[in-house]
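These notes are about the structure you will find just below.
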Number of protein chains: 2
Amino acid sequence: MTDTQLDTQIRTQLVNHEVRYTSGRKRVVAAIVAADGPRSAAELHETLGRGVPLSSLYRSLSVMADAGVLSPHHSSKGVTRYELSEWLVGHHHHLVCTSCGAVDDIELPTEAEAALERLVAGAADTGGFTSTGHALEIEGRCSQCT
Amino acid sequence: MTDTQLDTQIRTQLVNHEVRYTSGRKRVVAAIVAADGPRSAAELHETLGRGVPLSSLYRSLSVMADAGVLSPHHSSKGVTRYELSEWLVGHHHHLVCTSCGAVDDIELPTEAEAALERLVAGAADTGGFTSTGHALEIEGRCSQCT
DNA sequence: TTCCTTGCAAACGATTTGCATTGGA
DNA sequence: TCCAATGCAAATCGTTTGCAAGGAA
C-alpha cells in the first residue's frame, strides 16, 4: 500500500510513540481525512461499514490521540469527536449546528485569525491562567437543519 | 423567601414555560450563581451537600435548560456543565484548563468583543450555514495545574 | 519470538427514565 | 384539587477494560 505524504507523517509520529500504523488504523485515519470535520467513534463506525468493531475504534482513536496524531473535540452531548491534529492539517475553527450537532471545519482569513490571536493574547493570562491555545465555535443551523 | 431580582427573572421565565421554581431548583440556581463558571451535575451535587439527589439534579438542570434559564456547555470528557443563560448574566467566554478540565468565565473588553463579532460575521454564513452565535474557548493551564 | 493490536464480552461512569409519592399553585 | 416535582431504583448510552487470539517487526 502506497503511503501518501500525510500517511508518512502520521506513521513517523506513531512510530516515535512506539505505536503501529496498522491497516485498521489507516482506515480510521482515511475516514477522518475524508470527513470535513471531527467525527465520533459511532459516526466512524457507521462509515467504516462495521468492518472495524467499536471497541477497536475507541482504542485506535485514543492511542492515536495520545500520540498526537488526532485531537479530541467535545461539542454535542456526551460524544467525543476526533480530527487530525493541527500540525497535520493546519489551524482552524468549527461551525457547530445547534440542531443536529454536526460539526464542520472552517478556516479564518489570515487577517481575521491574526486579529483573533491578538485578542486572545490580550484577554487571557488573567489570574494565574496561562493560555496555550484557543478554539472558536461558530454556532448556528447547518444547511440540513434549516 | 425573598426573591432577588435575578430570581424574579428566572421565576417568570420558568412560569412562562409551565415550570415551577421550587426550593430545590432555587438551591441549584444559587449554587450555579455562586460558581464562577459552568458546573456539572456531579459538581453541584457535591456543593449542595447531598441534599439534592442526583436524579433530581439532572432533571432540574434539563428542565431549566429547556426553559432557557440555563445553558449547557460541553468541554471535558463526557460531562455537561450548566451555567445561567446569557440573557441573564451577559455574554462571555471561557477559560478551559486542559489539565483538570475546570472552566472559568471571562468577559472580553468591549472593543475585543466587537472585533470578534465582526470577525465571526465575516467568516460564517458559508455554504448554507446560518450563524446564530459564537463561543470562544481559551485553552491553557489554570493556577492549580501549573 | 516478542510485543503490540484486535475482538468479544463484561465493566464503567454519566445521564435518563418508570413509577409511586410528595408538594405547590 | 390537580398536575408538576421528587426519590429511588432500574435502564441507557457512550466509552473503557480484561483477557485470549492474531499480526507485525
Side-chain angles (χ1 to χ4, degrees), chain A residues 1 3 7 10-29 31 38-46 48-67 69-82 101 103, chain B residues 1 3 7-8 10-29 31 38-46 48-67 69-82 100-101 103:
Chain A
M1 46 179 84
D3 272 21
D7 275 323
I10 293 175
R11 163 165 283 122
T12 304
Q13 176 79 2
L14 289 180
V15 167
N16 288 342
H17 286 259
E18 37 245 342
V19 169
R20 295 176 188 159
Y21 195 28
T22 62
S23 65
R25 290 174 183 174
K26 256 184 118 157
R27 266 182 285 158
V28 172
V29 166
R39 290 294 179 266
S40 67
E43 291 164 343
L44 293 169
H45 187 238
E46 176 65 31
L48 289 176
R50 274 30 70 73
V52 181
L54 263 181
S55 68
S56 301
L57 240 173
Y58 276 113
R59 237 180 307 229
S60 295
L61 292 172
S62 116
V63 163
M64 291 195 283
D66 287 347
V69 167
L70 300 181
S71 297
H73 180 261
H74 310 281
S75 47
S76 11
K77 299 194 35 86
V79 301
T80 303
R81 287 166 215 263
Y82 292 85
V103 184
Chain B
M1 46 176 88
D3 272 19
D7 275 323
T8 307
I10 293 175
R11 162 167 282 120
T12 304
Q13 176 79 2
L14 289 179
V15 167
N16 287 343
H17 286 259
E18 37 246 341
V19 169
R20 293 175 189 161
Y21 196 28
T22 63
S23 64
R25 290 173 182 177
K26 257 184 117 158
R27 266 181 285 158
V28 172
V29 166
R39 290 294 178 266
S40 67
E43 291 164 343
L44 293 169
H45 187 238
E46 176 65 30
L48 288 175
R50 277 28 72 72
V52 181
L54 264 179
S55 69
S56 300
L57 240 171
Y58 277 113
R59 238 181 304 231
S60 294
L61 292 172
S62 115
V63 164
M64 291 194 284
D66 287 347
V69 166
L70 300 181
S71 298
H73 180 261
H74 309 282
S75 46
S76 13
K77 298 196 35 90
V79 301
T80 302
R81 288 166 215 265
Y82 291 86
C100 70
V103 184

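All figures in this text were calculated on a predicted structure; none of them were measured in a lab.
- Nearest heavy-atom pair across B/Y21 and B/K26 is CZ-CG, 3.3 Å.
- The two atoms that bring B/L57 and B/A41 nearest to each other are CD1-O, 3.6 Å, heavy atoms only.
- Note on A/T80: a side-chain N or O is less than 4.0 Å away from OP1 or OP2 of D/dT15.
- Heavy atoms of B/S62 sit nowhere under 4.0 angstrom from any nucleic acid atom.
- Atom CG in B/L54 sits 10.0 Å away from atom CG in B/L48 (nearest 0.5 Å).
- When the C1' atoms of four end pairs are superposed on the next four at each end of the helix from C/dT1-D/dA25 to C/dA25-D/dT1, using five pairs per end, the two resulting axes differ in direction by 40°, to 10°.
- With DNA chain D read from its 5' end, the first of the two nearest nucleotides for B/E18 and B/V52 is the one closest to B/E18.
- Between B/Y58 atom OH and D/dC8 atom C1' the separation is 16 Å, expressed in whole Å.
- In summary, contact between chain A and DNA chain C, defined as any nucleotide atom under 4.0 Å from a heavy atom of the protein, begins and ends at C/dC3 to C/dT16 in the 5' to 3' direction.
- A/H73 has its NE2 atom 18 Å from the P atom of D/dG14, to the nearest Å.
- In terms of position on DNA chain C, the residue among A/V63 and A/S55 whose nearest nucleotide sits closer to the 5' end is A/V63.
- The shortest distance between side-chain heavy atoms of B/Y82 and B/P38 does not fall below 4.5 Å.
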**Asked** Does the side chain to side chain contact (heavy atoms under 4.5 Å, CB included) test come out yes or no for B/V29 and B/M64, once each step is laid out?
**Response** CA-CA 9 Å; B/V29 166; B/M64 291 194 284; 3.9 Å; yes
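- The interatomic distance linking A/H74 (NE2) with D/dT15 (C1') rounds to 12 Å, in whole Å.
- Residues forming a salt bridge (charged side-chain N to carboxylate O under 4.0 Å, His left out) with A/R25 (at least two apart in sequence, or on another chain): none.
- B/S40 comes within 4.0 angstrom of nothing in the nucleic acid, heavy atoms only.
- In terms of the ring-ring contact (aromatic ring centres under 6.0 Å, His included) criterion, B/H74 has no residue partners (sequence neighbours excluded).
- For the atom pair OG of A/S55 and NE2 of A/H45, the computed distance is 9.0 Å after rounding to the nearest 0.5 Å.
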**Request:** Under the side chain to side chain contact (heavy atoms under 4.5 Å, CB included) rule, what do A/L44 and A/L61 come out as? Steps first, then yes or no, please.
**Result:** CA-CA 10 Å; A/L44 293 169; A/L61 292 172; 4.0 Å; yes
**Asked** Just by protein heavy atoms under 4.0 Å, how would nucleotides 19-25 of chain D read 5' to 3' in B, S and -?
**Response** B---BB-
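- In this structure, the side-chain hydrogen bond (donor to acceptor under 3.5 Å, both in side chains) partners of B/H73, at least two apart in sequence or on a different chain, are B/H94, B/E137.
- Rounding to whole angstrom units, CG of residue A/L44 and P of D/dT15 are separated by 11 Å.
- Atom CG of B/L54 is separated from atom P of D/dA5 by 19 Å (rounded to the nearest Å).
- Separation of atoms CG (A/L14) and OG1 (A/T22) is listed at 9.0 Å; rounding is to 0.5 Å.
- Put simply, OH on B/Y21 is 17 Å from C1' on D/dA4, counting in whole angstrom units.
- Backbone-only contact: A/V19 has heavy atoms under 4.0 Å from sugar-phosphate atoms and none from a base.
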